[in-house]
Amino acid sequence: MRRTIEKVAVLGAGTMGARIAAHLANAGIPCYLLDIVPPELNADEKRKGLTLQDPRVRNRIVLAGLETAKKSRPAAFFTPETARLITPGNFDDNMAWCGQVDWIIEAVAENLEIKRRLFERVEAVRKPGTIVTSNTSGLPIHLIAEGRSEDFQQHWAGTHFFNPPRYMKLVELIAGPKTRPEVLDALDEICDRRLGKGVVRAKDTPNFIANRIGTFSMVNAINQMVALDMTVEEVDACTGPAVGWPKSATFRTADIVGLDVLAHVIRNIYENVPEDESREVYRVPALIEAMIAKGMLGEKTGSGFYKRIKKGAESEILTVDWHTMEYRARQKAKFASIEAGKAIEDTRERIRLLVAPALEGKGGDKASRFIWTNLSETCLYAARRLAEIANTITDVDRAMQWGFAWELGPFEVWDAIGVEKMAAALGREGKQIPAVVSKVLATPEKSFYAREKGTTRYFDLSSGAHQPIPEREGVIVLKALKERTPVVQKNAGASLIDLGDGVICCEFHSKMNAVGADIVAMLNAGIARLGTEFEAMVIANQATNFSVGANMMLLLISAQEGEWDEIHMLVRQFQRVNMAIKYAPRPVVSAPQGMALGGGCEINLHAPRIQAAAELYMGLVETGVGLIPGGGGTKEMLIRANEHAAGAEDLDLFHALKPIFENVAMGKVSTSADDARSLGYLRPADAISMNRDRQVADAKQAALAMVRAGYHPPPPAEIRVLGEEFLAAAKLAIHLLVRGEYASEYDAVVGRKLAYIMAGGGITAAQAVPEQYILDLEREAFVSLCGERKTQERIAHTLKTGKPLRN
């Protein structure tokens with residue numbers, strides 16, 4: 001029987017506890033957040049005459065933790081209102097609340113005795129069958145619950161969330177000695193489907209999988225920096241996007257984590273791995289000890305390996321010179337190998353280039369030597385520790401991808417470099433090759449993974465052979481699907497893929513998924529197949545971002561060459577395909593994720609149904625480049641304002657239009673799918689997938705449900721506009737923004753164009769107009785703004801810098 005989680009208690013309101021509670025709230029799960037009662041009054045409480053019995057005092061620590069989570073950046077909550085699902089309390093007055101919940105998550109200090117004493121109190125109030133887990137990052141799971149009752153231990157496990165919980169995908173799930181299999185299955189499903197996490201089942205070993213390997217790699221990088229006499233910037237250049245790791249690389253990551261926390265993790269591993277042949281690596285580097293002694297702990301103290309200082313209105317980032325422990329101006333790392341790698345988009349190919357000198361027995365530059373040493377030592381370590389810490393190589397690779405944001409896990413790096421070549425190079429260096437590597441080299445595949453026709457097989461330790469990676473129910477991987485079955489139709493910018501059960505998918509794959517003629521053509525081709533070959537269409541892709549908008553480079557070239565008829569035609573074609581999506585004879589479901597900006601947003605606004613990823617950054621951002629939404633986005637937001645006014649008893653159209661105008665004029669982008677709903681981009685019927693891996697399958701099921709419900713396209717919309725009443729008010733608001741220096745004079749030019757459209761053009765009094773009327777106004781305004789020098793300057797600046805220009 002599937003276990004349901006209706007309410008959760010989180011014990012501990014520190015950095016992790018408060019943010020875990022926030023993410024539970026994001027998932028719509030009410031929770032209690034508890035922490036200790038302060039032992040004494042602070043100065044402010046004394047001044048106010050409060051006593052230790054006052055609830056404001058007794059809940060001070062938990063309220064402070066919750067408030068910190070509310071203010072955190074990046075935001076812990078999907079929307080500020082989400083925090084209402086959290087009820088704060090304390091261990092002394094409210095521990096009985098633990099008897100009302102289905103899941104208790106402990107996130108107090110990393111101290112075994114503190115955790116044990118807390119669980120003794122929990123057991124006194126916990127109802128039988130309640131799941132209890134610890135968020136420990138490395139303490140032994142079996143020791144924390146030692147001495148607890150049989151029922152407690154049967155429902156006990158480790159659930160190690162990564163920080164920040166909203167954004168980091170990984171949850172390591174660790175069983176205790178007596179944990180029931182169905183409890184692990186329930187936690188797996190809850191974390192996956194409800195919380196959107198990637199779950200990896202780790203063994204109960206020190207610091208589990210991701211921190212064990214990630215910490216090794218980080219300490220190794222610090223030691224290599226000293227050995228090769230490199231700078232902080234040089235190491236970060238070698239441990240960031242160059243090798244498929246995040247931009248935070250080594251030392252920015254250390255600053256975010258906190259050097260004191262890093263030192264604690266290193267010591268914990270050292271003290272608990274007496275049999276690890278690499279144990280000596282886990283000695284806290286002298287540099288880290290020295291920085292901690294000076295209070296240079298990273299972001300929490302304002303200085304670590306990097307330090308941000310204010311210079312008037314600007315700020316500058318300084319870097320520590322580890323020789324002198326003094327800060328200096330940042331120095332750009334310059335390595336020929338890394339510069340050459342920037343021309344290679346594929347990470348596997350780029351890594352091969354960077355380590356090629358080592359494979360060929362040559363020296364290479366300092367970056368090449370560093371990258372080879374750090375990657376090869378990390379991959380060797382992962383191979384040596386595999387059987388101890390994990391059940392499969394896929395668990396290790398996923399842990400590093402989801403927990404440390406590495407594009408490739410260590411066993412994928414083995415394959416990228418070539419297991420034979422890497423083993424040979426390591427052999428020349430006198431390194432002992434782990435048994436699992438030798439076993440892989442004895443297989444016909446000679447690699448940790450083998451891919452064929454959309455199926456991936458991995459080297460399985462238990463069988464000594466390659467086994468298929470089990471497919472997850474409710475997950476569709478478009479890349480694998482295209483390898484298994486013929487693509488229905490494709491061009492350079494998009495493909496039509498048969499999802500099965502009568503559903504076709506239009507997948508974008510242009511650069512940044514920018515909307516151009518290819519995508520428009522494929523959307524039209526997909527819609528043309530509805531009703532004859534397919535019963536529904538999903539618009540989706542599995543790139544980082546759904547679409548960053550129109551192809552601005554092509555638009556700028558056309559504008560600079562004065563090709564106004566061409567621009568008119570392109571805008572008209574985009575408007576027509578969006579209207580075709582809206583009025584298609586069969587249901588169309590759009591599935592946006594990441595950024596869905598400008599034209600990407602407009603495609604979604606026209607879809608009869610949206611299945612959004614929880615992390616959705618959607619908005620009509622055209623004003624930032626001196627344009628207005630020209631593909632029907634303004635029209636659709638007008639329709640939403642009409643719907644909002646019609647559905648509310650105390651709201652008229654004028655007041656419904658006001659926030660819509662502000663959103664479009666200011667180019668507001670949602671901070672989540674929930675926020676997109678509050679901004680009007682998502683309608684009440686639109687759904688949200690917490691786990692992006694499940695989004696395409698969820699969208700397919702939504703489309704099939706619409707088919708089963710007897711879907712019919714909506715009737716043509718009549719849009720009520722207010723004419724001069726709205727236009728005058730909008731112009732006044734724009735004038736005040738310019739006077740207050742919140743907007744430039746050219747912002748005002750663009751804003752008045754937008755206001756003219758939303759007022760209904762030259763209409764003086766309120767009346768209803770057809771959609772095509774607004775579309776024509778959009779197109780005329782869009783093309784006219786393309787001819788403005790300042791718009792062209794804004795587009796050029798954005799293409800060059802990625803940032804808007806306020807000229």
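Counting from 1, the numbers follow the sequence of the chain as shown. Small disclaimer: the values here were computed from a predicted structure and weren't measured.
- Other residues, nucleotides and ligands contribute more than 12 heavy atoms inside 6.0 Å of the NE2 atom of H264.
- Looking at Y381 and D276, their side chains do bring a donor and an acceptor atom within 3.5 Å of each other.
- Looking at T205, T179, T159, T136 one by one, the single match for side chain to side chain contact (heavy atoms under 4.5 Å, CB included) with I141 turns out to be T136.
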Could you walk me through whether S689 and R694 pass the side-chain hydrogen bond (donor to acceptor under 3.5 Å, both in side chains) test, one step at a time? CA-CA 7 Å; S689 296; R694 298 185 174 279; over 6 Å; no
R692 and D698: salt bridge (charged side-chain N to carboxylate O under 4.0 Å, His left out), yes or no, with the steps? CA-CA 10 Å; R692 188 185 289 193; D698 290 346; over 6 Å; no
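- Among residues at least two apart or in separate chains, ring pair (Phe, Tyr, Trp, His ring centres under 6.0 Å) pairs with a member in residues 87-109 are Y32-W97.
- In this structure, M225 and L287 approach most closely via the heavy-atom pair CE-CD2, 3.6 Å.
- Under a 4.0 Å N-O distance rule, the pair R84/E81 does not qualify as a salt bridge.
- Of the options E150, Q154, H142, Q153, a side chain to side chain donor-acceptor pair (under 3.5 Å) to K178 is made by E150 and by none of the others.
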For R252 and K247, run side chain to side chain contact (heavy atoms under 4.5 Å, CB included): C-alpha distance rounded to whole Å, both residues' side-chain angles, the deciding distance at 0.1 Å, then the answer. CA-CA 8 Å; R252 177 79 181 106; K247 291 180 181 178; over 6 Å; no
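- No hydrogens or angles considered: nothing links the side chains of S672 and D675 as a donor-acceptor pair under 3.5 Å.
- Under the 3.5 Å distance criterion, the side-chain polar atoms of E615 are left unmatched by any main-chain donor or acceptor of Y167.
- The aromatic rings of H160 and F162 sit tilted relative to each other, their planes meeting at an angle between 30° and 60°.
- Between R126 and D151 a salt bridge is recorded (basic side-chain N to carboxylate O distance below 4.0 Å).
- Between E106 and T133, the side chains place no donor N or O within less than 3.5 Å of an acceptor N or O (distance only, hydrogens not considered).
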As a quick check of understanding, evaluate salt bridge (charged side-chain N to carboxylate O under 4.0 Å, His left out) for K48 and D44, giving each step before the final call. CA-CA 6 Å; K48 291 178 179 177; D44 184 55; 3.3 Å; yes
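- Shown here is M168, whose CE atom has more than 12 heavy atoms of other residues, nucleotides or ligands within 6.0 Å.
- Checked against a 6.0 Å centroid threshold, the rings of F119 and F152 count as neighbours.
- Using modelled atom types, one finds no donor on one side chain facing an acceptor on the other under 3.5 Å when comparing Y306 with R330.
- Remark: of the listed residues V10, N59, L11, I61, I61 is the sole one forming a side chain to side chain contact (heavy atoms under 4.5 Å, CB included) with D35.
- Remark: F251 engages F305 in a ring pair (Phe, Tyr, Trp, His ring centres under 6.0 Å) (not counting sequence neighbours).
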